[in-house]
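Below you'll find the structure, written out as structure tokens, and then a few comments.
Bear in mind the structure is a predicted one, so any value in this text is a computation, not a measurement.
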Amino acid sequence: MTDATVTNAAGFEPVHVDRQVQKLTRPSLSYWQDAWRRLKANRRAFISLYIVIGLLLFTVVGPWVWTVDPSTQDLDQVSKAPGSDRRAFVAEPYQPWEGVRATVPEGAASTAPPANFKTVGSTTTQAVRLTWDPVAGASGYRIYRNIYRPTAGGALGLPLGDVLSPEQVSFEDRLDLEPMTYFYAVLTLDRFGAVMSPPTSLEVNVVRVITPAQAVERGLVASVADVKVGDELKLALHPFGTDYLGRDLLARLMTGARVSLLIGIFAPLFYVLLGIAYGSAAGFMGGRADSALMRFADFVVALPFLLFMILFKIAFGIGPGESGIFPMLVALVLLSWPSTARLVRGQILQIREEGYIGASRLLGARTGYLVMRHMIPNTMGVILVTLTFAIPSAIFTEAFLSFIGMGVAPPTPSWGSMCNEGIRTMLTTPHELIFPAVMISITVLAFNLLGDGLRDAFDARMRSRE
Amino acid sequence: MTAMPPPPASQNGMTRSAGRSLLWLSVGAAGLFVLLLWALGFLSGMTGDEARASAPGVDFRNNAIALAASQEPPQLDSTRTSDQVSNFVLGHIMEGLLRQDEHDQVIPGVAESWEVRTDGATFHLRENARWSDGKPVTAHDFVFAWRLVVDPKTAATYASLLFPIRNAEAIIAGKVPPESLGVVATSDRQLDVQFEKPVPYFEKLAAFTTLFPVREDFFRSRNGTYAANAEDLLFNGPFTLTRWEHGASFRFEKNGLYWDKDRVKLAAVDVPYITTDSNATLNLYRDGKIAMVGQSPGLGSESLKQALVAGWPIHQMRDGSVWYLQLNFRPDRITRNHNLRKALQLVVDRGEYVYRVLKTPGYVPAASIFPVWLRGAENLFRQEYPAPEVAVDVAAARRYLDLAKQELGLTEWPPLVFLCDDTPSSTKQAEYFQTVFREKLGLEVRIDRQIFKQRIAKMQAGEFDIVSAGWGPDYDDPLTFGDLFASWNPNNHGEYDNPELDRWVRAAQETVDPRGRMAAFGEIQRILIEDAAVITTYERGQSYVQDPRLKGVVRRTIGIDPDFSNAYLEPN
Amino acid sequence: MLRYILKRLLHGLITVWFIATATFIAMHAVPGDPLSGEKAMTPEIRRNLEAKYGLDKPVVEQYRIFLVNMAKGDFGISYTQQNREVNDIIREGFPVSATLGILAVVFAALGGILLGALTATYRNRLPDVVIMFLVILGISVPSFVFAALGQLALVKINAWTGFTLFPVAGWGTVMHMVVPSLVLGLGTMAYLTRLMRSSMLEVTNTDYVRTARSKGLPPARIFLKHQLRNAILPVVTVLGPAIAAITTGGFVVELVFAIPGLGRYFVQAVQQLDYTVIMGTTVFYGAFLVLMVIVVDIVYGLIDPRVRLKA
């Protein structure tokens, strides 16, 4: 029953496929090559890349160039702005002063101000010694120091202290003396300690002095024999000024950069990576797994940060004197990832519904491929923004923690804690706030522009645009 | 500037149109924000007090002043209170048997006369002392209050102040009932107190907040909420608490029923701001919104610089506290070694520390644990018993250090642990001593910075070599400082244990004769310095700024501080 | 939809219980206790205090009591504010913090979305450059500096104009709220601006926008209907946690402007180890945050039809 025509197989031959037709006309660029090419084209991003490198040099190489110890206290130059007067005269070491005693005249209580108010010896930053004539009926004296010439009825300035006996007619002022002109005032107190007389005032010029021993200690001269009393010296140079303990700000900024950059770069990097992994897993899996993972993220977000920071510190057994950067890093990473995770999950949920994912899946793409190839590159824009914002926020978290005693241990400085200290002296010595704040700003700015450039470079959706 | 090519023309139109949309959206958003503000304003207008926002710090029209407080009163139940702010408030709204005048002399309060004997005291109450509901203040109110203080169920922190009264200690320990306390109301107007042992300072104690009266029927009617709010309190002092918004503000006004109401001149003291931020309070004063700044705690050196530049009148008072480096004497600590302690003592330059590092006016170098203002038998205590001088001597200190090294059998010095608070000033102090001990003695110091509660825990557990601590007086007698290093004192965190010192502390406690007592304190002072048991650093003073039109404010080292009951306003 | 919400609420309750337990354990693991102070007490007085607060019982027993009371909605009495119930502290402090927080979030969200859209629209042109510079300034200056500067500026303005429009500190009228909420919202606003800009740029290059444009839809319509609505999504995602962060993170602003909010209480409570206040505020904020997250998820579903809630 076969009426099939028998054909000869030899009568067929395969159609020639011309593969040349489908050959691309230009070399294929991989995702990364393309990203690098576009990053190079972005001048702003490139400049910021140089700034970041500069910051790293400042941190790593800086201390080799500027070799001042960041914890040495130059008590002759406390809270000095850059460029302030550094002249000082060599003087004998400070000798305690027993003061002046006098017999109080008999008679009725006098409301006259103390007479013959004058200084004793030279008036230097070591001490200003004052004496006056005793007043009948006084129980003691009160001494003030002002920076303005006193006016009638005006403020007398800082109360320096009370002398509690009428025979003691002298006062030694050693409180934070600066090389400038002061206006002292003295008045009498009645037996209840209330003010009894108007003040007498005195103008005093104070010169800065340093003892030979101190000069050696501070490294200004090689030995005590090199200077003699009366010589003029220049105190140590602090290009960025000094802080509230007379420590060199430049050196502190350099050492502080280590802590701040370490915390500011590594903590966000780690927790953003963790957040991406977690968020994309949740978003991609969906359903029960997603729900369970996100509930755990909610749980971590709602944990009281402060309390757990303290706990981490104890759990890691940070002893006295250790800087405690590592536990802080771990704590920051462990407590901060959920916001990135939520963000990435939201993006993934959105992208998951896109047509190209469906198409890719139809073509048999596996999950890992989908995530790496489509999802992560498509969420890169949002992720980089989060990362650039995480940097300053990590730096400030560190500052806040340092402030409440949970941060790096003193004397290790950090930019954040320097800012915190500077804010208290914002009005009187602004440089203590400005320098660390500017450093933070530069860092943040550099990372922002770099992030911008990276975003443009990595964003898959920008690929089609030249 | 840009790495992007100029946008195509179509996009320009797009941008323009989007810009227009954005403009409209911004207008809408701004409108929404204002609307929200208005709605909130409307809501808060129903509860808030509009006039308060603009009331000046010194208010002549209403004869009132406004202040900022560092915290709200944590506890206005006089039997349980133990903090400064509550003490300040209670001192204005309540009055005890006796009170202090502006020169810190004890004068009549609710009691018009009294006798103190060695075995007890009798107080005669005045007839016209009234509670704010009009009922008379009776001796029963004191009996009730004092029994409450020692009742274990109350668990009052300052119950130990009543130890001198018969049976107090046993009642606190739960051995006998509170009713057995040695205090009896023999009539409505007579109160009899029996002592356990002679108390030379009982008059001063009778003016203390913990011994203020509480009326039984009112206390019971509040059902456990006594003193929780302004309306859960009854007043018998110069002022009444008329408003207490927790965490936000409180206000007291003159009490018309107060027996001595003529001495009270201000109509009201308003505290509409509660913050610990020193810059904020400084700004409030600058803006004329408060009459005083830095009354408690005092102004720091930075705030003072601003006050000086602004030309404000700066005042000063002594807060009475003494600060020191406490050393650890536990057996496993190297600070137990006498020579090491001597070395540390000899390199601490208090003058440099106070004048160059702390730089806060009013702080005085402390040569002894007994502050300079304490009264002795006739004169000031420190004039009767000057503290032995310890001059800075680095060379001698190094010799002591070598001796210590031999005695301890060390080849290398282990680091010393310096425990400190997390406050900026405490850290600053620790950093200073770290540098001093390193540069002068070559000792490494590790700073252990802890938040307050953990520092206390570590201090009590003895986990430190050196800790910076301070002591404020509880009552006006050298004993409040003198027994600090007795081996049984719970505040002796270093567990200093010296039988000779203990003997002198007991002598001071048991002697009634003032000269004998002062001699004992003199010995205590000598031992503490010679044995380098403690390195005293400074006595604290507080600087504050007060509006020049506000007069008659009384500041006290011990007692109600600041006291506005005699204050008045006077135009310049 | 209702079932979804109920299920989320149930999960939320479990999350809150977890938070409470973790916090309880952490709190008791920290050395120190709420009773200790600078001045040590005699052992008898200390024993009496421990008995009064139930601290003499084993920790497990304390936890059981805490759970039973929490179920009843009672967190006990504060250790530092000794006559006050934690519930009262929350009841009085939270509305203040919430008012401040809501204002700050509204300000941040409105400002952030608008500025972000603006910068994206004028990409790489003058408005973009200026705004982005300000944004970077906004995030590189910590909030305590802004708070201090803002207050100082107020003092100067008041002194210059001679009358007080915005008070320097305090709470009570709407004028008290303006400056603190602006200061509080500034950081979040900068963040949202940045986020909005980035997501706006992405949306501009999507197919649907291109399609809409090629269909010849009016640009304003494309902008509002397609670009803005889609670009807001990531902003909404972070808004939930941001609300919680702002309401809890107002500590510095509350301190500087003397505002009686809950943030101050919480930080103080942790420092003072005030057990009851820590537990009360943590559980309360935990519940609040979980609720906020649920709300955001629902809103998300409403805005973006692509996200299916039941998925």
Part of [X] lying under 4.5 Å from any heavy atom of chain C:
X	result
B:T225	neither
B:A156	backbone
B:Y285	neither
B:W471	side chain

Candidates C:L152, C:L154, C:V256, C:N158 - the one meeting side chain to side chain contact (heavy atoms under 4.5 Å, CB included) with B:N283: C:L152
Relative to chain B, which segment of [X] carries a heavy atom at a distance below 4.5 Å: side chain, backbone, both, or neither?
X	value
C:D33	backbone
C:Q151	both
C:V270	backbone

Greater than 12 external heavy atoms within 6.0 Å of C:W160's CH2: no
Atom CZ of C:F133 with >12 non-hydrogen neighbours under 6.0 angstrom: no
Option that, when pairs with chain B are counted at under 4.5 Å, heavy atom only, ranks first among C:E44, C:E85, C:R46: C:E44
Among the listed options [options], the residue most often paired with chain C at heavy-atom distances under 4.5 Å:
options	value
B:E72, B:E169, B:R286	B:E72
B:T281, B:D83, B:T81, B:N491	B:N491
B:K153, B:Q71, B:R455	B:R455
B:T157, B:L282, B:N229	B:T157
B:N489, B:L284, B:N279	B:L284
B:Q460, B:H493, B:R80	B:R80

Heavy-atom side-chain proximity of B:S160 to C:I45 below 4.5 angstrom: yes
Heavy-atom closest contact ([X] atom, [Y] atom, distance):
X	Y	answer
B:T154	C:K52	O-CD, 3.9 Å
C:L49	B:A155	CD2-O, 3.4 Å
C:Y265	B:G247	OH-CA, 3.4 Å

Let me confirm one number: the [atom1]-[atom2] distance from [X] to [Y], rounded to the nearest 0.5 Å.
X	Y	atom1	atom2	value
C:K156	B:D287	NZ	CG	10.5 Å
C:R84	B:H246	CZ	NE2	4.0 Å
C:L273	B:Q454	CG	CD	7.0 Å
B:I456	C:L35	CD1	CG	12.5 Å

Which residues share a ring pair (Phe, Tyr, Trp, His ring centres under 6.0 Å) with C:Y53, sequence neighbours left out: C:Y79
